[in-house]
Amino acid sequence: MEDNNVGYLRVRVYGADEAFPIEGAIVLISAADGENGENGIVRSLRTDASGVTETVALPAKPRGLSEEPGNIDPFAVYNVEIKKDGYYTVNDINVPIFEGIASTLPVRLVPLGFGQTNYGTGYNENRIYNDISTGENLQ
């Protein structure tokens with residue numbers, strides 16, 4: 001892996017205190033507050049049979065910022081939304097991404113109770129998601 005102002009992220013989704021992986025969860029990564037000039041969803045992924053997404057490269061701040069005095073955060077921040085039918089949606093905000101570092105974000109999904117509907121995200125649950133890099137339908 002090269003460190004040209006990028007960091008790496010993969011997401012591991014599971015249920016029941018890591019007892020089983022959750023396949024087919026949709027993972028949406030967006031830049032927090034226009035970080036790195038990005039707005040909206042920058043990557044959309046789906047978990048595999050192991051409950052893991054592919055590892056993706058994301059723009060990060062230069063590593064040298066950590067050696068300079070001041071209040072500049074030496075990392076980029078992203079928001080990660082994880083959703084799967086039958087489970088509560090999880091929103092992890094301000095996930096730090098450091099240049100040259102590969103990170104794994106563990107996410108535990110909690111099943112909805114019988115007859116419950118997931119209304120907490122502000123998203124239309126019937127929305128169709130496409131991978132922005134390949135155009136493949138994720139639903």
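Everything quoted here is computed from the prediction, not taken from an experiment.
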From S44 OG over to I29 CD1, what is the distance, rounded to the nearest 0.5 angstrom?
-> 8.5 Å
Any sub-3.5 Å donor-acceptor pair from T47's side-chain atoms to A25's backbone N or O?
-> yes
Qualifying salt bridge (Lys or Arg N to Asp or Glu O under 4.0 Å) pairs, either residue in residues 103-113, two or more places apart = D17-R108
With sequence neighbours excluded, tell me which residues meet ring-ring contact (aromatic ring centres under 6.0 Å, His included) with F98.
-> F75
Do R12 and L105 pass the side chain to side chain contact (heavy atoms under 4.5 Å, CB included) test, and can you show the C-alpha distance, the side-chain angles, and the key distance before you say yes or no?
-> CA-CA 6 Å; R12 186 172 57 86; L105 178 65; over 6 Å; no
Kindly compute the distance separating OG1 (T104) from CG (L9), expressed to the nearest 0.5 Å.
-> 7.5 Å
Distance from Y87 atom OH to I22 atom CD1, nearest 0.5 Å?
-> 4.0 Å
Full working for side chain to side chain contact (heavy atoms under 4.5 Å, CB included) between V11 and V107 | CA-CA 7 Å; V11 180; V107 177; 3.9 Å; yes
For P21, side-chain contact (heavy atoms from CB on, under 4.5 Å) partners two or more places apart | none
Co-membership, hydrophobic cluster, residues V52 and V80, 4.5 Å side-chain | no
Should I82 and L109 be marked as a side chain to side chain contact (heavy atoms under 4.5 Å, CB included) after you check the CA-CA gap, both sets of side-chain angles, and the distance that decides it?
-> CA-CA 8 Å; I82 303 91; L109 291 185; 4.1 Å; yes
Hits for salt bridge (Lys or Arg N to Asp or Glu O under 4.0 Å) against R10, two or more places apart or cross-chain, chain-then-number order -> none
Looking only at heavy atoms, what is the nearest atom pair of Y8 and I97, with distance?
-> N-CG2, 4.3 Å
State yes or no: do V110 and I93 share one hydrophobic cluster built from I, L, V, M, F, W and Y residues joined by side-chain heavy-atom distances below 4.5 Å, directly or via other members?
-> no
Indicate, with yes or no, if L45 and V95 share a hydrophobic cluster defined by side-chain heavy-atom contacts under 4.5 Å among Ile, Leu, Val, Met, Phe, Trp and Tyr.
-> yes
N79 CG to D92 CG distance, which is reported to the nearest 0.5 Å | 9.0 Å
The reported gap from OG in S30 to CZ in R43 (rounded to nearest 0.5 angstrom) is 13.5 Å
Grab the two heavy atoms, one from K84 and one from E23, that are nearest each other, plus how far apart they are.
-> NZ-O, 3.1 Å
Are side-chain heavy atoms of Y14 and S50 found at a separation under 4.5 Å?
-> no
Taking all non-hydrogen atoms of both residues, which atom of A60 and which atom of G7 are closest, and how far apart?
-> CB-N, 3.8 Å
Got a second to check how far D73's CG is from N94's CG, nearest 0.5 Å?
-> 9.5 Å
